[in-house]
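Worksheet for the structure shown next.
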Amino acid sequence: MSYRIKTDVFEGPFDLLLHLVSRQKLDVNAISITDVADQYLEHIENMRELDLDVASDFLLLAATLLEIKASSLLPKEEQYFGDELDDLSPQEARDLLIARLLAYKQFKNVAAELSARMESVGRMHPRQAGIEQQFLGLMPDYLEGTTLRGLAVVCADLMHKRAVFLLEAEHVASMPISLEKHAESVARTLRNEGTISFHALLGDDPDPELIVVTFLAILELYKRGLATLQQDEIFQDIVLTSRTPDDEDME
Amino acid sequence: MTVSVQLKGAIEALLFVSDEPVSIARIARVLEKDEKSVSAALRQIADDYVAAERGFQLREVAGGWRFYTHPAHHDLIEQYVLSWDTRKLSQAALEALAVVAYHQPVTRQGINAVRGVNSEGVVSSLVEKSLVREVGKDRSQGNAILYGTTRMFLEKFGLKDLGELPPLEEFAPDPDVENAIKQRLHSVGDESATQDDDVEEID
Amino acid sequence: MTVSVQLKGAIEALLFVSDEPVSIARIARVLEKDEKSVSAALRQIADDYVAAERGFQLREVAGGWRFYTHPAHHDLIEQYVLSWDTRKLSQAALEALAVVAYHQPVTRQGINAVRGVNSEGVVSSLVEKSLVREVGKDRSQGNAILYGTTRMFLEKFGLKDLGELPPLEEFAPDPDVENAIKQRLHSVGDESATQDDDVEEID
């Protein structure tokens, strides 16, 4: 079961960020998650009915921005990683983001070229009529080494996989994990532990639903000032630290 | 009758991607030309190849026109075909074949559903290798093509008929595995059930 | 170099029954000729077709030679044969494919890093389409699977080999775009460098 994020419009946070940058100035250092969310929601409204995939894209963007924001927020917190942690200054974070956006743009450009190439090559159809009847008997035996039992095992395996898939899908459909409940459970764990990593929260072999809902939960806790987040590099583990919210931070 | 190079080219291209004889009527229809000019063009093309001593020819056989290799090279082709490596079936092809064998008649959609991935290319290649063939259409599914195994498939495995395929139950997954899955799903359910009490706590 | 009609005919016949590009070395071996004359013959055959404005052509692609129809007849063929190959790749798939093509061998992680998004599903679909394949493991990254492009990739994109990929440098964003990105991400940021103290303010 793979979890795929794709929309007709954006192909991930870099794509979205490029689009936003092309429309206006973006202050990465003082990124406002809510501002970006507003812009994005506006965009979605103009586009078509809300699509879960599209909404997921926003999450990815939020993650990218959080990474940058966190790197500018965290140095003020206790540095439990010690001196080795080479924290990026906001300026460095911006430079890094720009470099990555430019690299992404380069591949977006070359992808367009490849697409054009594929289309023009696709106008030529290879001959694959194959050989005439009289030579068919000389063809190699494609089933050499394949036994009937082997075939049965392959089929049984597939059906098993399908059964597991359906069971899980059923579970997802009938008992979605509620974000509120999950955020509360993460908050409780965090209060007890003080510090915990995203991966530790997920446990072994999490399904995509759990990953998504846990991620949403930590964003929620961050927003409520109940946790601080640190991620050293994109796709690396996110570390949550419990935080007592100031009164004004609370609703 | 003079025949345009363009018409000849179009006919050549059509026949080039066909692996069976194509009738003049069909070519005329596709090209929106009259049969007479198509017929004249076909003859000219065939003559062109003879004149240039090409390694292939265009021949009229029962049912239409088709490209063939020139008989002068047949010994060579035999040798060449014999030299082909035994290209074993890919895992994807083997999976699709297994699904067709046990679930026939089955649509492509059905094969996809069991394999969990798109099987279009794979099924086409099995048809090309004469291991799988179209056996009908499924009216309930918008006339989707139904696939089944071929006689060649039975012969390769020395089966008299499909009833001789080993029963799948023999290969069913280990009951322990199945229990583990059920348990895991069950426990997730329990966990969220106990949390029902503190829904109000947040927000 | 003069090439005998006999040699040209023999090569044509061999390629005619092949459903993949055939290398010069292979043809030379089957025909017991030296590669140089085979290569010269192939070029002459390709030229013959162009000169005679045939509906098909001989092209060098993916390390070998293969017959193709002439692009001028594409529309005709598309309405004549039902092809599953004409589906376009998604933007996501093209981006991931571009990263694999230029950075191979590359892990999924490496693809993700460039695209800024999880590419698992996209890579699987590229593997399923035989455009990308596993080429090894990266020991330094916990045995992560390394991906590279396939021969099918070369064929579909009309490349003789990977060296024919257009240089990546040519596709660097032009200075205007680069400046725009820098300015728009920076200008406000420069200002806000002085605002470091009240970062908390924004949420």
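Below, read A as the first sequence line, B as the second, and so on, with proteins coming before strands; counting in each chain starts at 1.
- Annotation for A:Arg117 and C:Phe157: closest pair NE-O, 2.9 Å, computed over non-hydrogen atoms.
- For the residue pair A:His125 and C:His73, no side-chain donor N or O sits within less than 3.5 Å of a side-chain acceptor on the partner.
- Of all heavy-atom pairs spanning C:Ala113 and A:Arg100, the tightest one is O-NH2, 2.9 Å.
- When the candidates A:Ala112, A:Ser115, A:Ala103 are compared by the number of heavy-atom contacts under 4.5 Å with chain C, A:Ser115 comes out ahead.
- Proximity to chain A at a heavy-atom threshold of 4.5 Å picks out C:Gly158, C:Leu159, C:Leu165, C:Pro166, C:Leu168, C:Glu169, C:Phe171, C:Ala172, C:Pro173, C:Val177 from residues 158-177 of chain C, in numerical order.
- Checking side-chain atoms of C:Arg66 against main-chain N and O of A:Arg127 turns up a donor-acceptor pair under 3.5 Å.
- Proximity to chain A at a heavy-atom threshold of 4.5 Å picks out nothing from residues 135-144 of chain C.
- Looking at A:Met124 and C:His70, their side chains never come closer than 4.5 Å, going by heavy atoms from C-beta outward.
- In this view, C:Ser4 satisfies the side chain to side chain donor-acceptor pair (under 3.5 Å) rule with no residue, not counting sequence neighbours.
- Residues C:Val99 and A:Phe107 approach most closely at CA-CE2, 3.6 Å, considering heavy atoms.
- For the options C:Ser119, C:Ser125, C:Ala98, heavy-atom pairs under 4.5 Å to chain A are most numerous at C:Ala98.
- With rounding to the nearest 0.5 Å, the separation of OH in C:Tyr68 from CZ in A:Arg123 is 15.5 Å.
- Contacts between residues 54-63 of chain C and chain A, defined by a heavy-atom separation under 4.5 Å, are made by C:Gln57, C:Arg59.
- A distance of 11.0 Å separates CD of C:Glu95 from CG of A:Leu114, quoted to the nearest 0.5 Å.
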